[in-house]
**Q** 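Below: one structure in structure tokens.
Values reported hereafter were calculated over all heavy atoms of this structure, with side chains retained and with hydrogens, waters and symmetry mates removed. Here is the naming used below: chain letters follow the sequence lines, and residue numbers restart at 1 for every chain.
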Amino acid sequence: MTDGRALLELSNIVKRFPGVLALDRVSFDVRAGEVHALLGENGAGKSTLIKIISGVYQPDEGHINFSGNTVRFNTPAAAQNNGIATIYQELLLYPELSVAENIFMGHAPKTRFGTIDWRAMRSLAREQLASLDIYDLDVNQQVGSLSVGNRQRVEIAKALSQDARVLIMDEPTAALTGADVERLFRIVRLLRERGVGVIYISHRLEEIFELADRVTVLRDGACVGTSQVIDTTEDDLINRMVGRTIEDLYPKQLSRIGEPVLEIESLSRPPLTRNVSLTLRRGEILGLAGLVGSGRSELAQTLFGITPAQSGCIKVNGVECLIDSPAAAIKLGIAYVPEDRSTQGLIKPMSIRENISMAVLKEISNGNLINHLAERELAQKNINQFRIRTSGMEQKVEKLSGGNQQKVVLGKWMASAPDVLIMDEPTRGIDVGAKAEIHRTMSELACRGMAVLMISSELPEIMGMSDTIAVMREGRLVASFTRGDATQEQIAAAMMSGSRSESDEGLVDSNSTKGAAA
Amino acid sequence: QTSHAARWDGADDLPVSPLACGDEEGGAMAAAMPYDGGMAMNPPDKAGEEITLVDVPKLIGIGYFAATTEGMRQAAEELGNVKVKTDGPTEANIDDQITFLDNFITQGVDGLLFAANDPVAIAPVLRTALKKGVHVVGYDANSEPDAREWFVNQAEFNGIAKSMVDSIVAEIGEDGKFAIVTSTFTTPNQARWIAEMQAYQEKCFPNAEWLETVEAQEDNILSFNQANTLINKYGEDLQGLLGMTSVATPASAEAVTQAGLCGEVAVVGLATPNAMKPYVASDCVKSVVLWNPVDLGYAAVHVMRAVVDGKFAPGATEVSAGRLGTLSVVNGSEVLLGAPYVFNKDNINDFDF
Amino acid sequence: MSRVAPTVSRMPSVLSTARRLALSHEGVLLIILMVSLLVLATQTDRFLTTDNLLNQCRLMAEVGLVALPMTYIIITGGIDLSVGSILGLCAIVLGVAWKNYGLPLEFAIVLCLVTGAAAGAVNGYFITRVGVPPLIMTLATLALYRGFAEGVSQSRSVRGYPEWFYQFGQGELFGIPTQLWFLIAALLISAFVLSRTVFGRALYAIGHNETGARFSGLAVDRYKMLIYTFSGFMAGLASFVFVSRVSTTRSDMGTGLELDVIAAVVLGGTSIFGGTGTIIGTALGVVLIQLLKNGLALTGVKGDATIMVIGVVLICSILITNFARSRQATEKPGD
Amino acid sequence: MNTAASTAVSPAQQRGVLKRILRLFASQEAVLLLALVALFVIVGSINSRFIAERNLYSIFLGNAYIAVAAIGMSMVIISGNIDISVGSLIGVLATISGSMAVAGYPLVLCWLVPVLAGVLISSFTGYIVAYLKIPSIVVSLGMLSILKGGLIAVTSGEWITDLPEGYALAQLKPLGVPLPIIFMIVLTILAALWMRFSNTGRAIYAVGGNAEAARLSGISKQRTIMKVFAIHGGFIGIAAVLFATQLSVIQSTVPPNLELTIITASVVGGVSILGGTGTVVGSTLAAILLAAIGSSLIFVSVSPYWLRSVQGVLILLTVLADLYRRKRQRKQGSG
Ligand SMILES: Nc1ncnc2c1ncn2[C@@H]1O[C@H](COP(=O)(O)OP(=O)(O)OP(=O)(O)O)[C@@H](O)[C@H]1O
Ligand SMILES: Nc1ncnc2c1ncn2[C@@H]1O[C@H](COP(=O)(O)OP(=O)(O)OP(=O)(O)O)[C@@H](O)[C@H]1O
Ligand SMILES: [Mg+2]
Ligand SMILES: [Mg+2]
């Protein structure tokens with residue numbers, strides 16, 4: 001399947017940003033019909049490298065060879081015209097436009113007269129989604145109303161809708177659950193058969209072994225080496241990435257579970273939170289599993305006062321209370337690490353210092369006056385603790401790598417020392433080394449009596465960290481297990497069981513008839 | 001008499017003084033009032049010497065004040081020892097006008113000519129000018145009397161009102177119905193004219209019906225639209241339109257023309273001849289009321305020269321103003337340009353402004 | 001990667017600090033201001049005199065007062081187009097309450113300020129609670145409040161205030177125009193609040209990313225409500241100073257004020273997209289526009305040419321800052 | 001989310017058609033149309049002359065140029081920009097057109113040159129916005145001053161009279177329908193189709209919706225913004241010609257507040273000031289609605305003093321109706 005000749009070859013690429021050498025003479029190549037994985041710690045330069053390939057950045061030194069010719073992609077358009085399709089790490093969609101338009105923006109199907117063919121666009125979009133086994137997305141829906149997971153799916157459909165010779169995927173599965181990941185892999189394998197060269201970035205190592213042919217590891221912007229995947233082991237890769245081995249990715253300390261801090265009873269906010277009852281105790285880590293769109297984030301946001309509940313009751317430390325705004329939730333000691341770091345978690349154009357102190361501004365100020373010294377100390381403490389790779393605390397968050405941005409979000413909320421910490425996909429895009437660190441911190445916090453509600457789409461994480469596991473489906477809590485009681489299969493079954501396949505068919509039908517009627 | 005018309009009183013609380021009805025000149029100037037203007041404090045004696053004047057109209061960039069500026073230029077050229085420059089805000093804005101005057105006082109000029117956007121608002125800065133020995137003469141729109149020395153009055157409010165009402169009644173009859181298009185209700189001159197018109201109409205033509213008054217800014221398409229709306233609203237009930245500004249009148253004439261109602265809806269108003277020529281030529285408009293703004297500017301400069309030369313001091317009853325001959329003093333400290341002029345088909349082509 | 005380039009800034013050399021300051025937008029503005037001052041001063045000796053400058057301060061007080069809250073609002077990514085109309089409405093309330101309803105003038109002044117705050121609060125309420133975008137809301141109240149002013153006053157002006165009242169707009173305190181004291185006090189307080197307090201920080205955060213700010217537990221709606229109310233209040237204060245300065249009240253007062261204010265704020269470097277801006281910048285913007293108008297007029301440049309110059313300065317100052325910034329960005333990795 | 005409702009095929013199909021019809025009615029355009037119809041019915045029943053053919057023509061005729069200008073403005077706003085200089089630009093272009101006519105140039109040139117000049121001047125604005133990366137509000141604020149100052153400097157406000165026979169394009173009535181109305185309708189339809197079916201049209205939405213995403217999908221932000229401003233200039237040119245030829249004289253000044261009127265039409269028409277959404281059909285309907293409101297208030301004899309307040313309230317109500325619609329839609333969408 002691999003013909004051995006490089007389709008795309010980068011040699012000695014150097015890229016500098018103010019204060020940072022992001023890529024240091026990196027050489028890299030992809031062959032037609034292979035999946036080449038790119039690994040590295042947060043901030044190692046992976047995204048920068050693929051942005052150079054896709055024409056977003058221009059290299060300071062070095063050159064790019066594409067199917068035999070030296071090329072220079074000055075704009076993303078130039079790269080696209082050469083058949084390079086990219087799924088970026090940060091989702092880039094048009095919130096006001098429909099799913100179909102998002103998928104085909106820039107390369108919409110045309111009629112004979114050269115105008116945009118809306119009907120074809122809608123049906124092609126439907127086909128594209130169907131080929132990804134996605135039937136629950138309406139192509140006319142506004143993307144702005146979709147959850148992160150669904151947006152990720154749109155993003156994937158968008159990249160696959162172009163006839164690509166090279167497909168670049170920067171952490172496409174960060175917000176996806178098992179079944180979606182499987183489907184994605186099927187497609188990637190299909191493309192590989194067809195001779196497409198795929199560059200694949202992920203922090204989930206098991207995916208590399210499942211999917212990739214070769215793997216290149218970057219460290220501190222330099223290339224550590226390329227090897228065949230079959231010739232290497234997980235430990236080996238980790239070692240190459242972080243320069244040490246990780247003993248245990250899920251360093252769970254068993255803590256003493258105390259009295260309930262957060263009790264919710266038949267909480268509802270239709271359509272996505274229906275009659276949910278849950279108890280969270282001191283020292284407990286409660287893992288919330290579910291498929292994309294099962295309503296986990298919605299539940300969390302209801303608890304945090306962003307979408308206040310319409311009925312039901314919330315008790316904090318045994319006292320019934322009304323949570324109608326994030327400020328109210330914070331006052332009650334509830335903190336929420338949101339899943340969408342770009343819009344919800346961070347103020348990206350502001351500095352790391354300002355972001356970290358954002359949720360505790362009142363605490364670190366004298367009256368209304370911000371205490372800059374305390375603020376700086378706090379920021380430095382967080383940078384050190386989570387090893388945020390940055391040129392300083394005044395660095396704008398938008399200039400950080402994706403994983404480091406996620407660390408800032410975590411740091412910001414852990415700084416607020418809440419009683420109840422809700423974390424929505426906390427380790428999304430975080431490298432293995434840092435992940436272990438975050439898990440350790442999480443566990444420690446629990447031991448000190450904090451209650452953690454962890455939403456995660458990574459089953460191993462749920463299994464590894466939770467004391468209690470709850471499963472949500474279609475807005476309802478459908479199952480609950482205690483640590484050690486459940487197998488991965490049982491949880492997965494609870495996530496998916498029900499009428500999914502039937503209703504899928506129903507939707508297929510109505511979709512296709514709608515298409516015909518249109 | 002509709003309810004809104006009843007409220008017209010000029011937006012200030014001054015009394016109205018309608019002239020006598022008909023042609024008799026009964027309203028001839030009331031008994032001489034003592035001088036009530038201000039005085040420049042110790043102005044440098046520049047009698048016969050060259051002086052620099054600055055003219056600050058309500059706003060620059062509109063036809064009417066382009067004409068007064070032209071008149072000033074003519075006077076300056078004729079006199080030879082006067083330099084005059086016009087500058088002012090681009091919108092009729094009380095605040096900006098004050099700023100301009102302030103700047104010119106600082107710059108140091110011999111005399112200020114002004115047309116006030118607001119009689120009271122402009123007063124403090126004018127008083128400052130007088131205090132600094134700068135001569136101040138107003139034209140077109142007055143300030144509080146003591147804030148300037150003389151005011152060149154193009155025509156008295158009641159005189160204009162009489163001309164306008166007489167002209168429209170001549171066309172639509174003593175029981176005709178008419179409506180008014182004005183700039184804004186807050187523009188002092190227009191407000192006073194309308195107040196005087198109402199008083200005069202009530203006194204002399206009580207059977208005429210005043211339908212409505214609408215605002216149209218100084219915007220000709222808006223004026224056109226407003227005139228159209230009035231025509232459409234009242235249908236045949238509407239017999240006459242009065243334009244209170246040199247923008248509103250041609251626009252009203254245009255609306256009548258485009259609606260094909262020439263002869264059925266009479267248009268009378270204040271306007272400059274050039275803008276009205278097509279409508280007068282097509283017989284859609286019979287008469288246009290106006291003083292000659294070129295003469296107004298011309299007179300203002302002559303009055304200023306006379307003041308500087310010491311030839312025109314408080315108590316004087318007339319002043320000579322070049323080609324305009326002698327102009328008489330009214331109301332204590334106002335120089336009257338003359339009766340308002342009524343242009344018609346016969347004489348309109350003699351004017352070019 | 002994190003071979004962080006040796007940080008020169010650890011030892012803040014005077015030179016580099018000076019350069020950074022000069023390259024900031026405020027720096028650029030200050031330089032433009034200095035240059036224009038110098039150039040204009042050589043053209044006429046009447047420009048750079050205490051009397052003239054103090055007098056200019058008097059004239060710019062209203063724009064200055066309203067520009068402060070406008071800076072706050074624009075920093076949050078909003079806008080308030082209704083300030084001119086609020087000013088008109090407040091002036092009318094002041095006049096009508098005193099003259100037609102016979103209230104004591106002191107009370108009328110308070111009523112005028114309250115009206116301003118209320119008008120602003122109405123904007124704020126619709127913007128935060130109902131979710132009307134600020135531009136649309138204030139575009140509607142631009143018409144609405146002006147309409148109220150006309151309706152309440154029946155388009156009549158109010159004149160003949162007692163002598164003491166003129167003290168605020170025409171008088172002096174310790175040789176300095178009274179309203180300048182108001183302006184300076186308001187300026188210092190707003191600058192301090194914006195740069196030092198939680199409130200100020202929140203405004204920037206809201207401007208950059210409102211959702212993010214809300215998710216961080218900041219009371220976004222309350223802050224927004226506050227600044228629109230503040231804006232109305234300051235328009236009320238400006239109306240009081242204005243009425244006192246020009247001795248009369250008219251319903252068309254403050255027409256077009258919004259554009260002057262926005263021009264000053266934008267010239268001061270506040271980004272219309274929200275998130276950046278300073279009070280110092282705004283102050284420089286107000287001063288620069290006023291001095292250009294004045295200085296050019298004194299050197300004999302006509303009004304039409306003056307507004308052209310201001311247009312050019314507006315575009316060029318932002319252009320220069322952009323250029324300086326991009327130079328800075330490209331230079332850095334090199335050194 | 002997959003719902004149980006989609007089990008049977010035929011109801012789903014029916015629902016599809018129904019949904020589409022409902023969706024059509026649940027748009028901003030529908031709200032405006034409804035408001036327009038309501039206005040005509042209510043005011044028509046009070047005074048039947050309001051809905052007489054002649055008055056309908058008057059409403060459309062005198063405001064067609066605003067609708068045409070609002071088309072271009074809507075495109076600019078959808079692309080995430082704004083143009084405050086339109087009023088001044090229309091003044092300048094109308095003056096160019098009139099001066100050429102008086103100077104005896106062929107009439108066709110007098111009509112075409114302003115359009116070209118509009119494209120050129122607006123492209124210049126667009127160039128500064130797109131390539132020198134200065135926010136459009138700053139550039140157009142600057143351009144406003146420059147154009148206005150320049151116009152006054154050149155004409156000093158002399159009106160243009162003695163326009164040649166046949167120049168009055170806007171007074172023609174092919175097939176009995178005034179030409180401005182034809183222009184308004186045809187241009188709106190063309191622009192609407194173009195916005196929906198052309199690449200550039202979609203690119204405008206993309207750039208306004210998410211500029212970074214647009215860049216990464218190979219859409220050049222710069223070129224798109226350039227194009228938007230150029231086309232906008234064309235519409236402004238046409239609007240200026242309609243404006244100039246409507247009456248027999250041209251008031252060579254900047255029509256007061258015209259930019260606010262045009263922007264109001266756009267935003268009331270549902271164009272989001274943040275960019276990315278809106279339609280030109282909406283803006284045209286809004287322009288008509290605003291004009292009809294102005295006219296209707298005279299018809300029902302609202303006190304002239306309170307006229308503007310009522311107008312403000314009505315604008316606000318339209319905006320609120322749309323907001324309410326959107327909220328309902330969002331609720332349904334997630335259900
Ligand atoms: N626009 C930029 N300006 C300045 N520095 C940048 C910029 N983009 C990236 N960097 C820096 O370059 C380095 C490499 O970042 P990059 O995004 O390539 O990391 P990554 O390997 O993708 O990490 P992650 O796994 O966290 O996504 C980081 O230190 C980051 O801070
Ligand atoms: N702001 C929103 N408006 C409307 N619908 C939304 C919104 N956010 C999410 N949804 C919808 O709600 C459903 C559940 O979303 P939610 O984010 O709660 O699920 P989740 O289990 O966290 O899944 P994900 O992994 O996608 O985040 C999704 O199908 C999505 O379409
Ligand atoms: Mg990355
Ligand atoms: Mg989620």
**Q** Counting only heavy atoms closer than 4.5 Å, note whether Phe273(C) contacts chain D via side chain, backbone, both or neither.
**A** side chain
**Q** Does the side chain of Leu290(D) reach to within under 4.5 Å of the side chain of Thr261(D), using non-hydrogen atoms?
**A** no
**Q** Of the non-hydrogen atoms in Leu314(C) and Ala263(C), which two are nearest, and what is the gap between them?
**A** CD1-O, 3.9 Å
**Q** Within residues 282-305 of chain C, which positions have a heavy-atom distance to chain D below 4.5 Å?
**A** Asp304(C)
**Q** Select one option (side chain, backbone, both, neither) describing which atoms of Leu142(C) are under 4.5 Å from chain D's heavy atoms.
**A** side chain
**Q** Please state whether the side chain, the backbone, both or neither of Val313(C) comes within less than 4.5 Å of a heavy atom of chain D.
**A** neither
**Q** Let me know if Leu319(C) has heavy atoms under 4.5 Å from chain D in its side chain, its backbone, both or neither.
**A** both
**Q** Between the side chains of Ser283(D) and Ser266(D), is a donor N or O closer than 3.5 angstrom to an acceptor N or O?
**A** no
**Q** If we check side chain to side chain donor-acceptor pair (under 3.5 Å) with Ser231(C), which of these qualifies: Asp80(C), Asn123(C), Thr71(C)?
**A** Asp80(C)
**Q** Restricting to side-chain contact (heavy atoms from CB on, under 4.5 Å), what partner residues turn up for Ser88(D), sequence neighbours left out?
**A** Leu144(D), Leu147(D), Lys148(D), Val254(D)
**Q** Considering only heavy atoms and a distance below 4.5 Å, find which of Leu314(D), Thr264(D), Val310(D) pairs most often with chain C.
**A** Thr264(D)
**Q** Of all heavy-atom pairs between Leu93(D) and Ala117(D), which one has the smallest distance, and what is that distance?
**A** CD2-CB, 3.7 Å
**Q** Which answer fits Leu141(D), side chain, backbone, both or neither, if we ask what part of it has an atom under 4.5 Å from a heavy atom of chain C?
**A** both
**Q** State whether the side chain of Asn322(C) and the backbone N or O of Lys133(D) hold a donor-acceptor pair below 3.5 Å, judged by distance alone.
**A** yes
**Q** At a heavy-atom separation under 4.5 Å, does Val319(D) approach chain C through its side chain, its backbone, both, or neither?
**A** side chain
**Q** Do you know which of Leu151(D), Ile315(D), Val267(D), Leu307(D) has the most heavy-atom pairs under 4.5 Å to chain C?
**A** Val267(D)
**Q** So which of Gly131(C), Gly256(C), Ser251(C) has the biggest tally of heavy-atom pairs under 4.5 Å with chain D?
**A** Gly131(C)
**Q** So, Glu150(C) and Arg146(C), do they make that salt bridge, N to O below 4.0 Å?
**A** no
**Q** Among Ile128(D), Ile263(D), Leu316(D), Val138(D), which residue has the highest count of heavy-atom pairs closer than 4.5 Å to chain C?
**A** Val138(D)
**Q** So which part of Ile134(D) gets closer than 4.5 Å to some heavy atom of chain C, the side chain, the backbone, both or neither?
**A** both
**Q** Check whether Val266(C) gets within reach of chain D through its side chain, its backbone, both or neither, counting any heavy atom under 4.5 Å.
**A** side chain
**Q** Taking the side chain as everything from C-beta on, heavy atoms only, tell me whether Tyr127(D) gets closer than 4.5 Å to Ile225(D).
**A** no
**Q** Would a distance-only check, ignoring hydrogens and angles, find a side-chain to backbone donor-acceptor pair under 3.5 Å from Ser82(C) to Ser85(C)?
**A** no
**Q** Hey, are the side chains of Pro134(C) and Tyr228(C) touching, using non-hydrogen atoms and a 4.5 Å cut-off?
**A** yes
**Q** What is the minimum heavy-atom distance between Ser153(C) and Val96(C), and which atoms define it?
**A** CA-CG2, 4.2 Å
**Q** At a heavy-atom separation under 4.5 Å, does Ile272(C) approach chain D through its side chain, its backbone, both, or neither?
**A** side chain
